[in-house]
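Taking it in order: structure first as structure tokens, then the write-up.
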Amino acid sequence: MKVIDHINQAKGTLISFEILPPLKGKGIQSLYKLMDELMEHKPSFINVTYHRSEHVFKKTATGDFKKVIVRKRPGTESICAAIMNKYDVDTVPHLICGGFDINETEDALINLNYLGIDNVLVLRGDAAKNETNFEPEPGGHKYAIDLLRQVNNLNAGVYLEEDLKHSIRTKFCIGVAGYPEKHFEAPNMETDLQYLKQKVDAGADYIVTQMFFDNAKYFAFVKACRDMGITVPIIPGLKPVYSKKQLTVLPKVFHIDLPTDLSNEMIKCKSDEEVEKLGTEWLYQQSVELKKSGVPVLHYYTIGKPGVVCDVVKRLQ
Ligand code: FAD
């Protein structure tokens with residue numbers, strides 16, 4: 001079932017989770033253990049992130065360095081299918097521009113369609129680990145909107161091979177990313193929102209936000225989107241804090257601010273256990289306020305401490 005249908009048929013705020021494919025070599029059982037816990041909270045859908053290959057330099061026996069390609073977390077599409085089969089829950093694979101040319105993207109979409117997956121979250125992806133700026137694959141897409149248009153084409157039965165006759169139409173529901181604190185490459189919020197509106201006008205069914213720790217930022221973002229004429233559901237993305245390291249890691253990696261009240265309290269904490277307690281309460285209070293305001297879905301990023309997320313969702317229900 002499509003995410004947008006879940007939202008349209010819901011009587012209240014839904015719950016969803018984002019999970020990562022296991023590290024290569026770990027097997028799927030560790031993921032099933034996490035899924036067993038998450039399913040207790042009756043999520044409407046599960047997002048599975050996509051992780052592109054990285055170039056790394058490995059030292060050889062002779063002391064030289066050899067450039068090798070490593071893919072640390074493969075399997076997004078098959079994990080989605082495995083989860084759907086085992087848990088009877090809808091899944092949303094993340095699909096990125098980076099590392100794919102348009103033929104590979106089409107193959108990936110055809111595979112998802114064969115697997116019975118109705119949803120995709122279309123994203124550009126970040127720069128590869130060894131690159132400063134995002135570089136599209138030769139023959140690949142530069143922006144998420146270009147990928148979105150390819151999904152639209154397939155939804156209209158238009159494949160890359162123009163002479164294909166009587167091709168089936170896929171029916172993907174399309175989500176896109178939005179940034180309450182602005183995407184870090186955008187020159188300003190206004191420009192970022194204009195590009196977001198283009199994605200929605202091109203056919204995105206809903207928006208999922210980058211994590212934020214200050215609900216006021218989400219509310220201001222939703223208002224700015226509505227003022228611009230963006231009418232699709234805007235799903236807040238939420239993550240707990242649970243370690244002192246996050247004081248610097250979260251702003252650096254995700255280009256977001258921690259509110260002063262939260263950072264001051266984190267600084268005072270004597271251990272990560274104390275930060276986790278604080279983070280659990282902060283996430284709970286954020287969730288209560290968002291739910292009260294009538295958000296369509298509370299979408300939780302489970303990487304790191306899924307137990308915190310589960311505790312919060314349990315208290316909410
Ligand atoms: P875009 O919408 O293409 O925007 C990228 C930048 O270009 C923005 O600054 C925008 O303002 C600008 N822009 C957009 N369109 C145009 C245009 N036509 N002309 C000029 N400028 C333009 N990354 C992964 O690798 N795997 C994942 O699984 C993953 N999951 C994510 C889930 C969520 C909910 C979010 C919020 C992010 C996720 N990311 C993931 C990270 C994401 O790939 C990065 O944030 C990336 O830098 C931008 O992706 P986007 O889809 O927002 O890009």
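In each ligand, atom 1 is the first atom listed, and ligand 1 is the first ligand listed.
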(message) Quick check: His183 and ligand 1, any N/O pair under 3.5 Å apart?
(response) yes
(request) Measure from NZ or CZ of Arg315 to the centre of the six-membered ring of Tyr284 and say whether it is under 6.0 Å with the direction within 45° of the ring axis. (result) yes
(request) List every atom of ligand 1 that sits less than 4.0 Å from any heavy atom of Thr49, numbering the atoms from 1 in the order shown and giving each element. (result) 28 (O)
(message) Taking the basic N atoms (NZ, or NE/NH1/NH2) and the acidic carboxylate oxygens, is any pair closer than 4.0 Å for Lys268 and Glu265?
(response) yes
(request) Count the heavy atoms belonging to other residues, nucleotides or ligands that lie under 6.0 Å from CD of Glu161, then report whether that count exceeds 12. (result) no
(request) Indicate if Val232 and Met228 have the same hydrophobic cluster label, given that clusters are the connected sets of ILVMFWY residues with side-chain heavy-atom separations under 4.5 angstrom. (result) yes
(request) Just let me know how Tyr143 lines up against ligand 1, side chain, backbone, both or neither, with a heavy-atom cut-off below 4.0 Å. (result) both
(request) Check ligand 1 against Tyr301 and write out every atom of the ligand that is under 4.0 Å from a heavy-atom position of the residue. (result) 34 (C)
(request) Closest by any non-hydrogen atom to atom 37 (C) of ligand 1: pick that one out of Leu123, Asp146, Asp192, Leu196. (result) Leu123
(message) Within ligand 1, which atoms have a heavy atom of Ala186 less than 4.0 Å away?
(response) 9 (O), 11 (O)
(request) Decide whether the shortest distance between a heavy atom of Tyr179 and an atom of ligand 1 is less than 4.0 Å. (result) yes
(message) Looking at every non-hydrogen atom in both residues, tell me the closest pair between Met211 and Ile256 and how far apart they are.
(response) O-CG2, 3.5 Å
(request) With heavy atoms of Ala177 as the reference, note each atom of ligand 1 found under 4.0 Å away. (result) 35 (C), 36 (C), 52 (O)
(request) Ignoring angles and geometry beyond distance, decide whether Tyr50 reaches within less than 3.5 Å of ligand 1 through its nitrogen or oxygen atoms. (result) yes
(message) Heavy-atom pairs closer than 4.0 Å: do any link ligand 1 to the side chain of His94, the backbone, both, or neither?
(response) side chain
(message) Under 4.0 Å and counting heavy atoms only, is there anything from the protein next to atom 52 (O) of ligand 1?
(response) yes
(request) Give a yes/no verdict on whether any heavy atom in Lys142 is under 4.0 Å from an atom of ligand 1. (result) no
(message) Starting from atom 23 (N) of ligand 1, what is the nearest protein heavy atom, named by residue and atom, and what distance separates them?
(response) Gly125 CA, 4.2 Å
(message) For Gln285 and Glu289, which I'm curious about, is there any donor-acceptor pair between the side chains at under 3.5 Å?
(response) no
(message) Closer than 4.0 Å to some heavy atom of Asp126 - which atoms of ligand 1 meet that?
(response) 43 (O), 44 (C), 45 (O), 46 (C), 47 (O)
(message) Give me the residue, atom name and distance of the protein heavy atom closest to atom 12 (C) of ligand 1.
(response) Tyr195 CD1, 3.9 Å
(request) Could you name the option among Pro93, Ala128, Ala144 that has the heavy atom nearest to atom 1 (P) of ligand 1? (result) Ala144
(message) Taking side-chain hydrogen bond (donor to acceptor under 3.5 Å, both in side chains) as the criterion, tell me which of Thr49, Asn47, Thr76 meets it with His94.
(response) Asn47
(request) Using distance alone, with no hydrogens and no angle criterion, decide if Tyr300 and Ser287 have a side-chain donor and acceptor under 3.5 Å apart. (result) yes
(request) For Ser53 and Ile69, work out which heavy atoms get closest and say how close. (result) CB-CG2, 3.6 Å
(message) At under 4.0 Å between heavy atoms, is it the side chain or the backbone of Lys199 that contacts ligand 1, or both, or neither?
(response) side chain
(message) Could you tell me, atom by atom, which parts of ligand 1 come under 4.0 Å of a heavy atom of Glu185?
(response) 9 (O)
(message) Can you confirm if the NZ or CZ of Lys58 lies within 45° of the ring axis of Phe65 and under 6.0 Å from the centre of its six-membered ring?
(response) no
(request) For ligand 1, find out whether one of its N or O atoms is nearer than 3.5 Å to an N or O atom of Arg124. (result) yes
(message) Looking at Lys197 and Asp201, is there a salt bridge between them, counting it only when a charged N and a carboxylate O are closer than 4.0 Å?
(response) yes
(request) Run through Asn153, Asn155, Asn152, Asn113 and flag the one making a side-chain hydrogen bond (donor to acceptor under 3.5 Å, both in side chains) with Thr170. (result) Asn155
(message) Between ligand 1 and Glu18, is the shortest N or O to N or O distance under 3.5 Å?
(response) no
